[in-house]
Number of protein chains: 2
Amino acid sequence: MAAMSNQLDTTFQALADPTRRSILTMLLEDDMAVTDVAAPFEMSLAAISKHLGILTRAGLISQERRGRVKWCKLEPDAMRDASIWMQSFGQFEAVNLDAFERFLETELSDDD
Amino acid sequence: MAAMSNQLDTTFQALADPTRRSILTMLLEDDMAVTDVAAPFEMSLAAISKHLGILTRAGLISQERRGRVKWCKLEPDAMRDASIWMQSFGQFEAVNLDAFERFLETELSDDD
DNA sequence: GTTATATTCAACCAAATGGTTGACGATTGT
DNA sequence: ACAATCGTCAACCATTTGGTTGAATATAAC
């Protein structure tokens, strides 16, 4: 159906893919060109380009073209609404870095 | 292909549908029977039953059968991991970015 | 001007998703 | 015993998703 997708749909859908979450994690470190984003993955550049399109449409990253290189930049503010929505279901402890590291670890070792 | 869906995949995927998010919001107020969950929606009971199955498999709700009625109960702790994962992206600007980046570099170079 | 690099586009494909309907098993009420 | 209620199951269907390949575009380098 037409799926009048609201912001939360788009955000959660974008985050529901391990490749896209890995990309976001990579972009925590630094802005990156599309080709460099694609390098660690065992899929085509076109596939990564699509993933980046989805992340861009969700507002989770922005892309700026300079010359023939398109730079990808993390836009973490786009997660805020979804994050707030989730927190309304119970106050989780304030950010626990240890926990994040554990999950990041499973993320990185898992998607291959 | 691999579809090694981890916990975050399952959680975010479950949350990426407005019907399922509405159900979770309804269950904030009280436990509900499947039929009562379905009542406000303009779709079949079978469709709602499927949504509840997805939420259950994601751990976001639990279902307990008493007589012929199956009660649905919110399990907000299942959102905790995803919530932490998201919050982390927003917090690092404010908090200890350097420490996290060092951690990240270690993890990324350790890639298997 | 030719060649290499960076990225997207278009067409295709298999599998997953979100819905339908009708039949079914299990439980409750009369 | 019989009928009504609760919920799931199985089979189907259309659309979306996540991937592929090969051609196309735009910029950079030689």
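So you know, we letter chains A, B, ... as the sequences are listed, proteins then strands, and number each from 1. Remember, predicted model here, so these are calculated numbers, not experimental data.
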| field | Test side chain to side chain donor-acceptor pair (under 3.5 Å) applied to A/Gln7 and A/Thr10, A/Thr11, A/Asp9, the passing residue | value | A/Thr11
| query | Rounded to whole angstrom units, what separation is found between the CH2 atom of A/Trp71 and the P atom of C/dT5? | reply | 17 Å
| query | Are A/Leu60 and A/Ile84 connected in a single hydrophobic cluster, I mean Ile/Leu/Val/Met/Phe/Trp/Tyr linked by side-chain heavy atoms less than 4.5 Å apart? | reply | no
| field | Gap between atoms CZ and P, on B/Phe41 and C/dT20 respectively (whole Å) | value | 12 Å
| task | Considering non-hydrogen atoms only, spot the tightest contact between B/Trp85 and A/Thr25 and give its length. | result | CZ2-OG1, 4.1 Å
| said: I need the minimum non-hydrogen distance between B/Leu8 and B/Ala82, along with the two atoms involved. | reply: CD2-CA, 3.6 Å
| Any side-chain donor-acceptor pair under 3.5 Å between A/Ser62 and A/Glu75? | yes
| Does anything in residues 11-23 of chain B reach DNA chain D, meaning a heavy atom under 4.0 Å, and if so which residues? | none
| Considering heavy-atom distances to DNA chain D, does B/Leu45 or A/Ala46 have its closest nucleotide positioned more toward the 5' end? | B/Leu45
| task | To the nearest Å, give me how far apart CD (B/Gln63) and P (D/dG7) are. | result | 9 Å
| Do the side chains of B/Phe12 and A/Arg21 get nearer than 4.5 Å, heavy atoms only? | yes
| task | Would you give a per-nucleotide map of nucleotides 24-30 of chain C, 5' to 3', where B means the base has a protein non-hydrogen atom under 4.0 Å away, S means only the sugar-phosphate does, and - means neither? | result | ---BB--
| Tell me the salt bridge (Lys or Arg N to Asp or Glu O under 4.0 Å) pairs involving residues 22-34 of chain B, sequence neighbours left out? | none
| query | Closest nucleotide of DNA chain D for B/Lys50 versus for B/Thr35: which of these residues is on the 5' side? | reply | B/Thr35
| remark: A/Leu52 CG to D/dG18 P, in whole Å, measures 13 Å
| note | Testing D/dC6, D/dG18, D/dG19 for proximity to the side chain of A/Ile54, the answer is D/dG18
| message | Taking B/Met79's backbone N and O only, do any of them form a donor-acceptor pair with B/Ser83's side chain (distance below 3.5 Å, no angle check)? | response | no
| Should side-chain heavy atoms under 4.5 Å link Ile, Leu, Val, Met, Phe, Trp and Tyr, which residues sit in the same cluster as B/Trp71? | B/Val69
| field | Sole residue of A/Leu27, A/Leu24, A/Val37 in side-chain contact (heavy atoms from CB on, under 4.5 Å) with A/Leu55 | value | A/Leu24
| message | So, OP1 or OP2 of D/dG7: does either fall under 4.0 Å of a side-chain N or O from B/Ser49? | response | no
| Options C/dT20, C/dT7, D/dG19, nucleotide nearest the side-chain atoms of A/Val34 | C/dT7
| field | Criterion side-chain contact (heavy atoms from CB on, under 4.5 Å) against B/Leu52, the qualifying member of B/Arg57, B/Gln63, B/Lys70 | value | B/Gln63
| query | Could you give the CG-to-C1' distance, from A/Asp9 to D/dT17, as a whole number of Å? | reply | 15 Å
| message | Check the phosphate of C/dG19 against B/Ser44, side-chain N and O only, distance under 4.0 Å to OP1 or OP2. Yes or no? | response | no
| Proximity to the side chain of B/Lys70 - top-ranked nucleotide from D/dG7, C/dT7, D/dG19 | D/dG7
| Residues which pass side-chain hydrogen bond (donor to acceptor under 3.5 Å, both in side chains) with A/Ser49, listed by chain and number, not counting sequence neighbours | none
| query | Rounding to a whole Å, what distance do you find between B/Asp36:CG and D/dC6:P? | reply | 8 Å
| Roughly how many Å is it from CE in B/Met43 to C1' in C/dT20, rounded to a whole number? | 11 Å
| task | Describe, as an angle rounded to 10 degrees, how the axis at the first end of the helix from C/dG1-D/dC30 to C/dC24-D/dG7 is tilted relative to the axis at the last end, five pairs per end. | result | 30°
